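All values reported here derive from a predicted model rather than from experimental measurement. When reading the values below, keep in mind they use all heavy atoms of this one structure, side chains included, and skip hydrogens, waters and symmetry mates. Remember, it's 1-based here, ligands and their atoms both numbered in the order they're listed.
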Amino acid sequence: MIFPGMVDAHVHLRTPGGEHKEDFRTGSAAALAGGFTMLLAMPNTQPPLVTLESWQNAQTRAQSESLCDVFLYAGAPANHMDQLPALAQHAPALKIYMDQTYGPLYVRGLANLMPIFAVWPAAKPICVHAEGESVALAIGLAAMYKKHVHICHVSRKSEIELIAQAKASGLPVTCEVTPHHLFLTDADAARLGPYGDVRPTLGSVEDQEALWQHLNSTIDCIASDHAPHTREEKEQPEGSPPGVPGLESTLPLMLTAAAQGRLTYTRLIELLSTNPRQIFNLPEQADTYVEIDPAATYTFPDHPLYTKCGWSPFTGMLMTGRVQRVVLRGQEVVRDGIVLNYR
Ligand code: DOR
Ligand code: ZN
Ligand code: ZN
């Protein structure tokens, strides 16, 4: 099967400041091996991308060091509000951390959120890390400021049901879910220990079933939330950083679901390519496509992983469907699942 280049609108590539976990080269190689030709990378780096200068430095490096197209989010500042108008001109979207998670970015309280919503332009999405009640707060702000809010990694039944109601009321809200919330539950979290620790945490079977029920309606995109941390960091006795890698497992998992009839291949392409390109107004990639063998069965991973962290919470899963070949702007960059001219 021939697919368009997949787009992952939510990844953490760790440059600058976390290059021992991942960098633009290793992260973008993992992307290509996983069928993604375009990434949107998060601003919770060190330093975080909350000033025009830090954003431009990182975007310049992304362009020169990546093997696929990489665009960077601007981070919502708690203390650099003066930077927002300039960031809004350059970055494709804004990211607001409305709940505490990995990294330094966290914007708390209405008094801090309202001016951000007032300043950010309506034409570019405001993406939010919002859990539980924060989802309702984000939807409320979308309604009051008439700004497009994109809710990241929706993980709970109550959240997806509230988003469905917001969309039915015509509010400018879109959302994404991750494969780890579709394929893993709190039972897996107990089995995986630190390797299943992620924010939002893995939900119950009931949460998981609700996400699947909304896959053909409420959910706009699948995004990996690729969040690599080293094995050493994950096994720290004093507490491990949350996050799981996903760039190389996302398309295999969704192909497996398609092979099992849980969604159509047409819907898969909407969720992983057409919709994120439209939501984030991303540029065309001419002569770019992915060749899939939808019938290949294997135990994941069947090659050494390209992500620098070197592990996956999906190791040992039986997959149906494999990325064979990737062509980016007319150039073959993956053959037989191997990233060319790389190792
Ligand atoms: O588990 C997570 N890890 N959730 C986030 O929101 C951040 C991410 C990271 O950057 O590691
Ligand atoms: Zn998040
Ligand atoms: Zn994330």
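Expressed to the nearest 0.5 Å, how far CZ of Arg61 lies from CD of Glu19 amounts to 5.5 Å.
Taking a 4.0 Å cut-off on heavy atoms, Lys21 fails to register as neighbouring ligand 1.
In the vicinity of Ala227, heavy-atom distances shorter than 4.0 Å reach the ligand 1 atoms 3 (N), 8 (C), 9 (C), 11 (O). Every atom of ligand 1 with a heavy atom of Val198 under 4.0 Å away is listed here by number and element: 1 (O). Counting the atoms of ligand 1 from 1 in the order shown, those under 4.0 Å from a heavy atom of Asn44 are 9 (C), 10 (O). Counting atoms of ligand 1 from 1 in the listed order, those under 4.0 Å from a heavy atom of His129 are 6 (O). Within ligand 1, counting atoms from 1 as listed, the ones closer than 4.0 Å to a heavy atom of His229 are 11 (O).
Atom 1 (O) of ligand 1 has its closest protein heavy atom at Arg199 N, 2.8 Å.
Under 4.0 Å is where a charged nitrogen must lie from a carboxylate oxygen, and between Glu233 and Lys21 at least one such pair does.
A centroid separation of less than 6.0 Å is found between the aromatic rings of His229 and Tyr102. Phe71 has its ring centre no less than 6.0 Å from the ring centre of Phe280. Ring pair His12/His226: centre-to-centre distance not below 6.0 Å.
For Arg199 and Ser155, the side-chain atoms include no donor-acceptor pair closer than 3.5 Å. Under 3.5 Å, the side chains of Ser224 and Asp8 contain a donor-acceptor pair of N or O atoms. A donor-acceptor pair shorter than 3.5 Å can be found between the side chains of Tyr195 and Glu235.
Considering Thr101, Thr201, Leu105, Asp197 only, the shortest heavy-atom separation from atom 7 (C) of ligand 1 involves Thr101. Taking all heavy atoms of Gln100, Arg14, Lys95 into account, the minimum distance to atom 11 (O) of ligand 1 is reached by Arg14.
Taking each heavy atom of Val154 and Val177 in turn, the nearest pair found is O-CG1, 3.5 Å.
Shown are the protein N/O/S atoms under 2.8 Å from the Zn ion (ligand 3), given by residue and atom: His10 NE2, His12 NE2, Asp225 OD1.
Among the atoms of Pro242, some N or O lies under 3.5 angstrom from an N or O of ligand 1.
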Is there a side-chain hydrogen bond (donor to acceptor under 3.5 Å, both in side chains) between Ser240 and Gln236? Walk through the geometry before answering.
CA-CA 6 Å; Ser240 76; Gln236 279 163 10; over 6 Å; no
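Under the 4.5 Å side-chain criterion, counting only non-hydrogen atoms from C-beta, Tyr298 is in contact with Pro252.
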